[in-house]
Amino acid sequence: MKAEAKNEKGNGGNTPFTWVGKRVRRIDGPEKVTGELKYMTDYQYEDMVWGKVLRAKYPHARIKEIHVEKAKSLPGVIAVLTHKDIPGFNGFGIVVPDQPVLCSDVVRCTGDAVALVAAETSEIAEQALGLVDVEYELLEVVSDPEKAMGKTSPQLHPDGNIHSHVKIKNGNVEDAFQEADLIIENTFYSPRQMHAFIETEGGWGKMDEEGFITIKCPGQYAYRDRMQIARALAYNPERIRVISSPIGGAFGGKDEITVQIYLALLAMHTNGRPVKIHYSREESVVAGMKRHPFKVQMKTAVKKDGTLLANRVRAVGDTGAYASLGGAVIALAIEHSCGPYKIPNVDLEGFCVYTNNGIAGAFRGFGVNQVCMAIETHMDMIAEKLGIDPVEIRKKNVYHQGEVSSMGHVVKSSVGTHKTLEVAENCDLWKNREKYKAEASEPWKKRGVSLATSFHGIGMGIGLPDYGAASIELLPEGKFKVAVGCEEIGGGNSTVYAQVAAEMLKCDISNIVVVQGDTSQTLDGGTVTASRSTYTGGRAVATAAPNMVSLLTETAAEMTGVVMEKIEWLPNRIVAAGETISYKRLFDYLYEHRRKTKVEGHFMLPKEKEEIKGSGGAPHHLYGYLTHVVMVEVDTLTGETDVLRVVSIPDAGKVINPQGLEGQTEGGAVMGIGYTLFEDVLIEGGYHKTRNFTDYIIPTIRETPIIETFPVEEAEESGPFGAKGIGEVVMIPIIAAIMSAIYDATGARIKHLPATPERIYNAIKQLKEQEAQPAR
Amino acid sequence: MKPIRFTVNGSPREVNCHPSKTLLDVLREDLNLTASKECCGKGECGSCSILVDKEVICSCLVLAGQAEGMDITTCEGVGLTANMDIVQEAFVSEGATQCGYCTPGLIVSSRAFLNSIEHIPSVSEIKTALGGNLCRCTGYAKIIRAVETAAKHQLENKGKLSLR
């Protein structure tokens, strides 16, 4: 065979690429811009019924009785279900299934579900919810995570309120604190950010005459959703089909079960009629996952020359009423709490704590956002105190590939931090920052420019299965169907998979059809989370493609009687001794001979061999790195802050699609701006004060700064064409960079996010008062 | 119930529904025009944006009864994959859509804005025109670019701009 066979990583040969690395237009673009694409919540069926969920009336209460008779007798009501109607295990949760599907004895947050209703119309279903009479006995509400950890607090779960505790210790921090020339110590608070995906949770459930259940519901891992549904229904998972793609935004907020189990339960009681649930925004705010609010105490020691000596961290995360991925979030936070630096002495611990404050779970960044703001603020403070350039102090302390991290492990995969810092110090905004700062738009407005760097693990870490799988099938019309489990969450992985397949199969991208997130069509290839889907799914496609090349080359040889060596694999066709054979002819031949036209590719993610004791899954084998430079303008009269410019410098390995990468860096930057400056779901005494987008402000187009993206491409050998991940790190260092830029502009250090106008105004006021009354 | 009559995407339509049903639900459920989405139900997000005459409105804030006699354009009316409008082409080529759920509303608002201008708009003008449409994925940077690109093409098509 003359085809220049790339190896299964796609790394072989020095051929210039046709598709990889190019600004290929999104393959799902036309259907999205015309509105022709059907999301799961867009489907309609003639014989449909509406499903609704009854939420807990109180954040913490004992259920004495649930009376459903009145609701059941309302005309138009088809079913009213409680915990008694759950055939299997009454619980769900990705790691520990501690969240009841329908509460039986205790409710622990106002997002708890108590009953389900199916009715002819949405209005009747709503009315029926009001007729379900639940008798409660009120219990004391646990709203402060620190108090929840104390012995006197009411215990929300049998094992107490501390869901998990991770601890990493290296060297001797006490000795290092003695030796240090400078010690910085601070406490930081971070907000309860809402994913605010535009499509609220919803979908369809249907059971057919044979008892086969189909759930159409956006999610981030169809196979795991199916497992959780099957467990609750005590049902054979093979008799459940989950379709989970496309998704109208998720960001981690649809990683856990949302409404899939409710849909399946109701579908068992509607005589085969499809049932729809679609949350209002208000219901989504109360019932949906949020980002863990953290309290982070950090003490950092350094030598005069800027060498980091020690870091002590204590982080407490509020996971709300149930665990979901809370334990993993805290573990990842602690793993990343020292930044991409080599600190020889560390003492790090994190607690994941139950309260009655809604539920927190996975969210883009997964705990790293909350600790990055602490270590990077410390780096900025240390640089200033020691009179060292902020870039230099970071360069001095970053680990390089092959060096030992603060976790104490040798980092074997590619590390781009140093390169990102070099690009940062040479970018226009940084080089000319004094000039730009002098150009404030009004005399009472002050500008600041600052930078921060961070990193983020790719994949699952130690102790969890982590693999990719893809299939490629030759279709009757001669197209290739590439099927990958990882859903199209919006980030553009469908286009990446098409690019990888087209590159390796040497065909036009229009000859590739991508199918994702469907247990009946795609292999189990893990989640679309953990910045893993380009890396893992792309690599699985790249592993499957040579199998298709072999299959079709052998088929062509057999068809024509030409020896294998004379079969040429050329762009968009195969030539056997001068004769062109179309893909379609190859399909026809295989079909006539009753042979399969489908191949598979599997990929196990590389892992570290040894887990760091007590770390809950650290270290990761792979990390993505990123440095942000930002410029802010603060109105010193009101405390209002505008982010005017952002430079995003990612190391995502080889960039498969620069336009898609920019989509991530731009979207991540703006989500980071929202997190830093205004987003927070307020909960008081267990009740949500935040209701909708009227009082939860996410960035609008007006907040969009000038954003530049300068990728450094440190190729990762194990990735498809050298790619790593990008989805999360894009919103992380910008948080600390904005905080330091506010300081640069005003002299006020904000350690409690969001940095609202009120907080900034008060901090500036306090500063002025201190200046007016110098300490005696 | 008295039928409600209005024009959608150039065709006269008649629906029989409760007059207090939202126009958004009528479009989605009675007419199967699902490009318009519900996201907040309060007129905050712009995902349900439609054009009525020359004005962009949130269809979640209009009741079916109020729609009597209206001339409505939804995203589907701006263009379909077979005949995409220049603003839709620009959103694809500039990468201005990600999850895509907010996109139809943005397309409608962008089309209305482009209908109202005969110049290449400043970033500030674009930000004002699209300030009512929330997007959580893109950070809006590529949306701004897409509207600029579409404006250029619109002027070219009208023969008012020659790009060398």
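Computed from a predicted structure; not experimentally measured. When reading the values below, keep in mind they use all heavy atoms of this one structure, side chains included, and skip hydrogens, waters and symmetry mates.
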Discussion item. Would you say CD of B:Glu14 has more than 12 non-hydrogen atoms from neighbouring residues, nucleotides or ligands within 6.0 angstrom?
Written reply: yes
Worksheet entry | Side-chain donor-acceptor pair present, A:Lys38, B:Thr34, cut-off under 3.5 Å | yes
Item to complete: Could you tell me which of A:Asp28, A:Ile247, A:Val33 has the largest number of non-hydrogen atom pairs under 4.5 Å with chain B?
Response: A:Val33
Discussion item. Between B:Ile143 and chain A, with a heavy-atom cut-off of 4.5 Å, which part of the residue counts as in contact: side chain, backbone, both or neither?
Written reply: side chain
Fill in: Contact origin within B:Asp85 toward chain A - heavy atom pairs under 4.5 Å
neither
Fill in: Approximate separation, where rounding is to 0.5 Å, of B:Asn133 CG and A:Ile701 CD1
8.5 Å
Item to complete: Please determine which of A:Arg25, A:Lys32, A:Arg26 meets the side-chain contact (heavy atoms from CB on, under 4.5 Å) test together with B:Val92.
Response: A:Arg25
Discussion item. Quick one, B:Arg136 with A:Glu679, criterion salt bridge (Lys or Arg N to Asp or Glu O under 4.0 Å). Give me CA distance, side-chain angles, the key distance, then yes/no.
Written reply: CA-CA 13 Å; B:Arg136 191 56 156 171; A:Glu679 295 185 34; 2.6 Å; yes
Response to the item:
Taking every heavy atom of B:Cys39 against every heavy atom of A:Phe693, the minimum-distance pair comes out as SG-CE1, 3.6 Å
Worksheet item: Side chain, backbone, both or neither: which part of A:Ile489 has a non-hydrogen atom closer than 4.5 Å to chain B?
Response: backbone
Worksheet item: Between B:Tyr101 and A:Thr200, is any side-chain donor less than 3.5 angstrom from a side-chain acceptor?
Response: no
Fill in: Largest heavy-atom contact set with chain B, pairs under 4.5 Å, which of A:Val670, A:Leu37, A:Asp42
A:Asp42
Worksheet item: For the candidates B:Thr103, B:Thr74, B:Leu106, which exhibits the highest count of non-hydrogen atom pairs separated by less than 4.5 Å from chain A?
Response: B:Thr103
Response to the item:
Correct closest heavy-atom pair for B:Cys40 and A:Asn692 would be O-ND2, 3.1 Å
Discussion item. Quick check on B:His119: does its NE2 atom have over 12 non-hydrogen neighbours (other residues, nucleotides or ligands) under 6.0 Å away?
Written reply: yes
Worksheet item: Pick from A:Thr694, A:Ile198, A:Thr665: which one has the most heavy-atom pairs with chain B under 4.5 Å?
Response: A:Ile198
Worksheet item: What option among B:Cys102, B:Gly41, B:Ala141, B:Gly43 has the most heavy-atom pairs under 4.5 Å with chain A?
Response: B:Ala141
Worksheet item: Between the side chains of B:Thr81 and A:Glu36, is a donor N or O closer than 3.5 angstrom to an acceptor N or O?
Response: yes
Worksheet item: Of the backbone (N, CA, C, O) and the side chain (C-beta and beyond), which part of B:Thr138 lies under 4.5 Å from a heavy atom of chain A, both, or neither?
Response: backbone
Item to complete: Look at A:Arg23, A:Glu662, A:Glu31, A:Glu488 and state which one has the largest set of heavy-atom pairs under 4.5 Å with chain B.
Response: A:Glu662
Worksheet item: For B:Gln98, is it the side chain, the backbone, both or neither that has a heavy atom under 4.5 Å from a heavy atom of chain A?
Response: both
Fill in: Under 4.5 Å from any heavy atom of chain A - which part of B:Ile107
side chain
Worksheet item: Between B:Lys42 and A:Glu282, does at least one N-O distance fall below 4.0 Å, as a salt bridge requires?
Response: yes
Worksheet item: Are the side chain of B:Lys37 and the backbone N or O of A:Thr41 linked by a donor-acceptor pair below 3.5 Å?
Response: no
Worksheet, complete the sentence: Honestly, the part of A:Ala669 sitting under 4.5 Å from a heavy atom of chain B is neither
Practice prompt. Heavy atoms only, distances under 4.5 angstrom: which of B:Gly79, B:Ala35, B:Gly100 has the most pairs with chain A? Name it, please.
Written response: B:Gly100
Practice prompt. Tell me, out of A:Met671, A:His195, A:Glu703, A:Gln659, who's got the most heavy-atom pairs with chain B below 4.5 Å.
Written response: A:Gln659
Worksheet item: Do you know which of A:Gly249, A:Gly668, A:Pro699 has the most heavy-atom pairs under 4.5 Å to chain B?
Response: A:Pro699
Item to complete: Heavy atoms only: give me the nearest A:Gly35-B:Cys75 pair and the separation to one decimal.
Response: N-SG, 4.2 Å
Fill in: Atom pair CZ/OG of A:Arg702 and B:Ser124 - distance to nearest 0.5 Å
8.5 Å
Worksheet entry | Any B:Cys137 side-chain heavy atom under 4.5 Å of A:Phe251 side chain | yes
Fill in: NZ/NE/NH1/NH2 to OD/OE distance under 4.0 Å, A:Glu666 and B:Lys142
yes
